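Everything numeric here is computed off the predicted structure, so don't read it as measured data.
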Amino acid sequence: MGKYVYWAVVVALAGFLFGFDTIVISGADQQLQALWGTSDVFHGFVVMAAALWGTVIGAIFGGIPTLKLGRKDTLIAIGVLFFISALGSALVSDPYVFALFRFIGGLGVGASTIAAPAYISEVSPAHSRGRLVALYQLSIVVGILGAFLSNYLLRGMGEDSWRWMLGVEAVPALAYSLGILGVPRSPRWLALKGRLEEARKVLAAIDPQAKVEELVEAVTPKKGLDSILAKAYRGPFLLAFFIALFNQLSGINAFLYYSPRIFGAAGLGEESAFLSSVGVGGVNVLFTVVGMALVDRLGRKQLMYMGSVGYILSLGAGAVCFFLEVSGLAVPIFLFVFIASHAIGQGTVIWVFIAEIFPTHLRASGQAFGSSVHWVLAAFIPSMIPMLFSNIGPGMVFAFFAVMMVGQMVWVHFYMPETKGKSLEDLGSTL
């Protein structure tokens, strides 16, 4: 096993913090609303979505330190942000200060979606790049499962159980920051900065036959082509936009954040709702592993086809269940199918794909753009769920997302290229 596999695994653990931090709030959702007596609108847009608004800012501006300071230093800072957020949000007693600390954690989430996939893609050989970058997604879903399980185990800690749920994240956050100290800097970032001897040493551990001079030629921007807004990069720009757009129009973040509430609306009791949420996390992990096994075999496009079909069937069936007021296990089963479809499709593909389609000198800004689209929608859509469930009902929400996934399948068929097995340099020059 090459050293680059170890580096990829360590860096990918940023995804664990991403997943845990994003979903842990679901266990505190209704407890916090009752504690502070807030309206659905305030609770959705401030208390629940504070981290998501931080994620938007982290995604928009995270490309700057990723490019200027480097992928490694940015990843260390991300771990520190998660640590501060976990401790702060667990100790406060005011909804506004709580939202501030959750916002800080969101900055870490947004920046991690840029720095971690960019780093892993740049230290991975072409033949295994899909699997290695998908480690980041695997870590995300393990973090999600960890948050659901932790919430279930800590739910009986009394009126302050939400503090334990949120504060426990400080331990892995600190461990991650220390772990990143042991990985080298990206060879492509080093080449971009003219640090060729350092780049050569790291590159030798990845591919002894590779020449650093080829990296220098590939990462050097040509005149007028130093922005993702340049006409020459319209293709990857639109590809990043649409894959991120459809990711959130599936409803994935909305359903993950509010899964106990959704299961409650389907007629499950509180304990059953929390246990079903743990099941959601388990299905997510299992099918992400399946997606990782297939992403470099079948390719990115085939997985997106598979996920689209699963989305449409599961969301449509879930909508019917709510319209007909079917209670019991039907909704959890269809939601499990939905999660499996996401994990094997969009979940596995999105961060791999965005990390591949931009040339090295624009990878950080390209990642920032794609992540920004993703997180703006991820902040806006879940924020509306309490209000939408109250006003139009879960059935209409499920039906809307199902129709959007028909649109995704059309986009995949006509516009999405296949990127498996191609070097980053080849992709950067052809898309």
Side-chain angles (χ1 to χ4, degrees), residues 7-19 21-22 55-56 58-59 62-63 66 71 74-75 78 108-124 126 128-144 186 236 239-248 250 252-253 256 284-285 287-296 299-301 303-304 307 342-358 360 362-378 408 412 416-420 424 427 431:
W7 303 335
V9 169
V10 172
V11 170
L13 291 175
F16 177 89
L17 297 173
F18 165 170
D21 187 84
T22 304
T55 299
V56 171
T66 301
R71 288 57 162 143
T74 303
L75 288 165
I78 286 167
V109 172
S112 80
T113 60
I114 300 166
Y119 180 94
I120 299 172
S121 70
E122 292 175 357
V123 300
S124 302
S128 59
R129 188 176 60 244
R131 291 193 299 275
L132 292 178
V133 178
L135 283 171
Y136 177 67
Q137 177 65 20
L138 177 62
S139 291
I140 292 173
V141 298
V142 170
I144 290 171
S186 159
L239 290 171
F241 173 82
F242 278 105
I243 196 169
L245 174 72
F246 284 121
N247 184 283
Q248 287 305 303
S250 71
I252 180 62
N253 281 55
L256 288 175
N284 210 355
V285 172
F287 281 89
T288 297
V289 172
V290 174
M292 286 178 59
L294 298 176
V295 68
D296 284 320
R300 290 56 160 155
K301 192 164 183 172
L303 294 192
M304 289 291 287
H342 175 80
I344 205 170
Q346 271 272 14
T348 296
V349 172
I350 181 171
W351 305 119
V352 175
F353 188 73
I354 296 177
E356 292 175 323
I357 57 179
F358 292 96
T360 297
L362 295 176
R363 185 160 297 115
S365 55
Q367 286 275 143
F369 169 70
S371 296
S372 298
V373 174
H374 175 280
W375 287 114
V376 166
L377 292 170
Q408 173 177 275
V412 170
M416 184 180 178
E418 182 54 72
T419 58
K420 73 167 183 173
L424 293 177
L427 289 170
L431 289 179

### Message
I want to check something: taking the side chain as every heavy atom from C-beta on, are M304 and Q408 in contact at a cut-off of under 4.5 Å?
### Response
yes
### Message
The test is side-chain contact (heavy atoms from CB on, under 4.5 Å); show your working for H374 and I354 and say whether it passes.
### Response
CA-CA 11 Å; H374 175 280; I354 296 177; over 6 Å; no
### Task
Of all the heavy-atom pairs spanning A378 and N253, show the shortest one and how long it is.
CB-ND2, 3.9 Å
#### Entry: Side-chain heavy atoms of R131 within contact of L135, under 4.5 Å
no
### Message
Could you check whether any side-chain heavy atom of Q346 comes within less than 4.5 Å of a side-chain heavy atom of I243, counting everything from C-beta outward?
### Response
yes
#### Entry: Nearest non-hydrogen partners of V295 and M292, listed with the distance
CG1-O, 3.5 Å
#### Entry: Partners passing side chain to side chain contact (heavy atoms under 4.5 Å, CB included) against T66 (at least two apart in sequence or in another chain)
R71, T74, I114, A115, A364
### Query
Do the side chain of E418 and the main chain of R300 share a donor and acceptor less than 3.5 angstrom apart?
yes
### Query
With a 4.5 Å heavy-atom cut-off, do P117 and Q367 have their side chains touching?
yes
### Query
Would you call F246 and V412 a side-chain contact if the rule is heavy atoms closer than 4.5 Å?
no
### Message
To the closest 0.5 Å, what do you measure between CZ (R129) and OG1 (T419)?
### Response
6.5 Å
#### Entry: For D296 against K420, the heavy-atom pair lying closest together
O-CD, 4.1 Å
#### Entry: Atom pair CG/CZ of L138 and F16 - distance to nearest 0.5 Å
11.5 Å
### Message
Looking at K301 and M416, would you say the former's side chain and the latter's main chain have a donor-acceptor pair under 3.5 Å?
### Response
yes
### Message
With rounding to the nearest 0.5 angstrom, report the OG to OH distance, S124 to Y119.
### Response
9.5 Å
### Query
Any donor and acceptor pair, going by atom type alone, linking the side chain of S139 with main-chain N or O of A12 inside 3.5 Å?
yes
### Message
Would you compute the distance between atom CG of L294 and atom CZ of F287 and round it to the nearest 0.5 angstrom?
### Response
11.0 Å
### Query
Hey, does L132 have a side-chain heavy atom less than 4.5 Å from the side chain of W7?
no
#### Entry: Heavy-atom donor-acceptor pair, S371 side chain to A368 backbone, under 3.5 Å
no
### Task
Determine yes or no for a side-chain-to-main-chain donor-acceptor pair under 3.5 angstrom, with S365 supplying the side chain and L362 the backbone.
yes
### Message
Could you check whether any side-chain heavy atom of V133 comes within less than 4.5 Å of a side-chain heavy atom of E356, counting everything from C-beta outward?
### Response
no
### Query
Taking the inter-plane angle between the rings of W351 and Y136 on a 0 to 90° scale, is it parallel (under 30°), tilted (30 to 60°) or perpendicular (over 60°)?
perpendicular
### Query
CG of L13 to CG of L75: how many Å apart, nearest 0.5 Å?
11.0 Å
### Summary
Scanning both residues in full, the closest heavy-atom pair of L239 with P417 reads CD2-CD, 3.6 Å
#### Entry: Step-by-step side-chain contact (heavy atoms from CB on, under 4.5 Å) determination, H342 to N247
CA-CA 9 Å; H342 175 80; N247 184 283; 3.7 Å; yes
